[in-house]
Amino acid sequence: VRKAGLPILAVVLGLAAGAILMVTVGTNPGDGYRALLEGAFGGGAELGRTLDKATPLIFTGLAVAFAFKAGLFNIGAQGQLLLGAAFGAWVGYAFGLPGWIHIPFSLVLGALTAALLGALVGVLKAVRGAHEVITTIMFNFVAANLTDWLVSRDGPWTDATGGAIARTPRVADSAVIPRMGDIPVGFFIAAGAAIIVWALLARTTLGFAIRTVGFNRDAATYAGISVVRITVLAMAASAFLAGLGGAVETLGVDGRFQPGFNVGLGFDGITIALLARTNALAVIPAAFLLGALDAGSSLMQARTEVEPEIISLIQAFILFFVAAPLVVRWLLRLRKAPHVEEPEHPKLSTGWGR
Amino acid sequence: MARRHQLAWLLVAGVVVLWLAAHFWDDAQTTAVASRTVRAAAPLLLGALCAVICERSGVINIGIEGQMLFGAYAGFMAASYTGSLVLGIATAIVSAMTLGLFLAWSAVTLRMDQIIAGTVINIFALGLTTFYYVAGRTMPNFPRWTIPALADIPVIGRALFSHGPLTYVAFIAAVVVFVALFYTRWGLRTRAVGEHPSAADTVGIRVPRARYINVVIAASLAGLAGMIFGRWHPITALAGALLFGLFQGIQAQLQFRQALDIPPQFFGMIPYVVTIAVLAIAGLGARPPASVGKPYEKE
């Protein structure tokens, strides 16, 4: 918890920047944030919505954090999430299975599709030296086009009853992740995934190997760890998590895949992973925070006419402050910031090379 | 190296032959596609040139998209309110440069992770432009400049020399950047700073200053889209931009004509798949500047 100093400061500063933005459009920030809070936590339904929003964010946050641990920057969580969402939806509507098997089957198949893409990125990186930042950005466009086509009017998975709307049919009832009252069960799947990822990274030999590769590839090779194998594995696992996030959102919230439903979640994952300082357990509160901002933004818009896009601006500020501890120190005139030690994740942009 | 060049020339020759064949079969179509290709390639080219300059001086810029978006927004607003295209262009350039300054500050002064700094720019620009978006505004159209004698050249004239002014600017910029990068003092210094900053420092080049200046200059080019397809070389950037533009051109023409029954999404995918394939095949054949991405710390 002591390590939370910088992220909390970053969030506070981000919200302060948001307040200034509200003033520029003639809204009292107090009113704006009050509406936002009410929209996010005002009642059972609001809390449920916040959890709905936080669920896929936990997954993309985990995906980015997991890759960070292996020294990889996964900018492709967005595309991987789309694959998971689309393929999860397909299994969800095209198969008739009992619920206890239908849900896991849809989730795992959706996530595996994404993992396959991740493995390919890993192979290209480890064997051919193609930088994962570039390949994952490219695959984001490929995945967006592919899923667009799959559900388009000419695509194989289109919803015949949808009229002009490109989307899949609704998933079968047996594939819908249930809710307990207002609380989505999907949130607990996400939290469970975070705990598993944390345990895997912190408590197993494989996790140790992944972190070693992340810190120093040469040292890892010298210690007998196969950097190729770990790179492929880590990238596949990262994509699996992002894909799982898409599938859980499809089966738990949206009920179908429709292009445009899941925009931006992959990029939010970068903010969340850094806010959590790549700690899998800390991803849960970080995602919860962004989920709450998102969920509350519509009530804020209704009450104060502040556009909901202010959320992405606040997020950009948070990401900046969390990645630039020097600025936080300077802004707050701290001689010694609470905990502005070296970042816990390995240095990322060390060039485009291998 | 020689074999790769041979392959490249064969590819070029093949495209030219196919092109001529198509041209004599139906010249209206090829001219339309070529014209769209050139037009679509222009913004990509500017973006790619921005990337080339930044990376040659050792700074990764993945915030180009954000810089372009912000420039486009600010330029549009300025042109819309003042009715002046020149003021619009000036505003676009200055706004993109502001974000370039931000990137330089993050990367050079704060020594922030450069990919994250770029991501901040992208998220920020997207948020800001939608947050302050004003619906229903229009701006004056760009004129089309048909260059008298050149436009009458058979086969390629109409396609190459009848465009808006910014399209010409993009292609001229590619040549200027090429010459500047390889045949001027500035270019030598830029490359030195990107390859071996401490050596550059030893001979008296101020590394942080050089990086600041280049990132900001480059941002002025960030008119629209672009990617790191260019192998850190202005001329390959030109080839890359034309390739992306070609697929956009074909796609637009096909959709317009409803000629073929290929889903547009597949055409949309091709440039990205090709980029991945090029990266996978070329591998490290295209060598990035040695110090790209590394903050420079004086010892």
Side-chain angles (χ1 to χ4, degrees), chain A residues 21 24-25 73 75 120-121 123-124 127-131 133-135 137-150 152 154-155 264 267-268 270-271 274 306-317 319-320 322-327 343 345 347-354, chain B residues 55 58 60 62 66 102 105-107 109-133 227-229 232 261 263-276 278-284 286-295:
Chain A
L21 288 169
T24 65
V25 291
F73 201 157
I75 294 204
L120 179 59
V121 170
V123 170
L124 288 172
V127 181
R128 300 298 316 177
H131 200 280
V133 167
I134 307 181
T135 50
I137 291 175
M138 295 294 140
F139 277 127
N140 276 343
F141 290 100
V142 175
N145 274 298
L146 179 72
T147 49
D148 258 14
W149 171 73
L150 282 170
S152 69
D154 307 318
F267 299 104
D268 296 349
I270 300 170
T271 311
L274 289 175
V306 172
E307 298 291 327
E309 282 78 17
I310 195 171
I311 299 312
S312 29
L313 285 169
I314 293 175
Q315 199 190 319
F317 280 111
L319 179 59
F320 174 69
V322 84
L326 280 174
V327 179
H345 60 81
K347 254 274 160 273
L348 295 164
S349 26
T350 45
W352 296 121
R354 223 180 270 245
Chain B
E55 307 229 339
I60 294 176
I62 68 160
F102 171 80
W105 180 59
S106 309
T109 306
L110 301 179
R111 295 185 198 129
M112 204 167 133
D113 187 288
Q114 296 172 4
I115 294 179
I116 293 168
T119 308
V120 169
I121 290 179
N122 286 340
I123 299 177
F124 177 79
L126 187 62
L128 195 78
T129 50
T130 25
F131 187 64
Y132 289 112
Y133 180 70
M227 274 277 95
I228 310 182
F229 191 71
W232 301 276
D261 205 18
Q265 289 93 345
F266 282 93
F267 268 101
M269 254 184 252
I270 292 172
Y272 303 105
V273 175
V274 171
T275 307
I276 295 166
V278 166
L279 282 173
I281 295 164
L284 289 179
R287 197 186 59 80
S291 293
V292 73
K294 295 176 192 149

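The figures here come from the full heavy-atom set of this structure, side chains too, leaving out hydrogens, waters and symmetry mates. Note on naming: letters A, B, ... go to the chains in the order of the sequence lines (proteins, then strands), and numbering restarts at 1 for each one.
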If you round to the nearest 0.5 Å, how far is [atom2] of [Y] from [atom1] of [X]?
X        : Y        : atom1 : atom2 : result
A:Gln315 : B:Thr119 : CD    : OG1   : 11.0 Å
A:Leu319 : B:Phe124 : CG    : CZ    : 12.5 Å
A:Ile134 : B:Ile60  : CD1   : CD1   : 8.5 Å
B:Ile62  : A:Ile137 : CD1   : CD1   : 5.0 Å

On a heavy-atom basis, which atom in [X] and which in [Y] lie closest, and how many Å separate them?
X        : Y        : value
A:Ala324 : B:Leu110 : CB-CD1, 3.9 Å
A:Ala323 : B:Ile116 : CB-CG2, 3.6 Å
A:Ser312 : B:Gly127 : OG-CA, 3.6 Å

Indicate the ring-plane relationship of A:Phe320 and B:Phe102, choosing parallel, tilted or perpendicular according to the 30° and 60° boundaries.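 A:Phe320 vs B:Phe102 ring planes: tilted.
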Between A:Val123, A:Leu124, A:Leu21, A:Ile270, which residue shows the highest count of heavy-atom pairs closer than 4.5 Å to chain B?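 Heavy-atom pairs under 4.5 Å are most numerous for A:Leu21.
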Using a cut-off of under 4.5 Å on heavy-atom pairs, state which of A:Val306, A:Val142, A:Leu313, A:Thr271 scores highest against chain B.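 Ranked by heavy-atom pairs under 4.5 Å with chain B, first place is A:Leu313.
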Where on A:Leu146 is there a heavy atom nearer than 4.5 Å to chain B: the side chain, the backbone, both, or neither? both
Which portion of A:Phe317 sits near chain B, non-hydrogen atoms under 4.5 angstrom: side chain
Using heavy-atom distances under 4.5 Å, tell me whether B:Thr129 contacts chain A through its side chain, its backbone, both, or neither. neither
Do you know which of B:Ile121, B:Leu126, B:Leu128 has the most heavy-atom pairs with chain A at a distance under 4.5 angstrom? B:Leu128
Stepwise, does the side-chain contact (heavy atoms from CB on, under 4.5 Å) test hold for A:Phe267 with B:Asn122? CA-CA 10 Å; A:Phe267 299 104; B:Asn122 286 340; over 6 Å; no
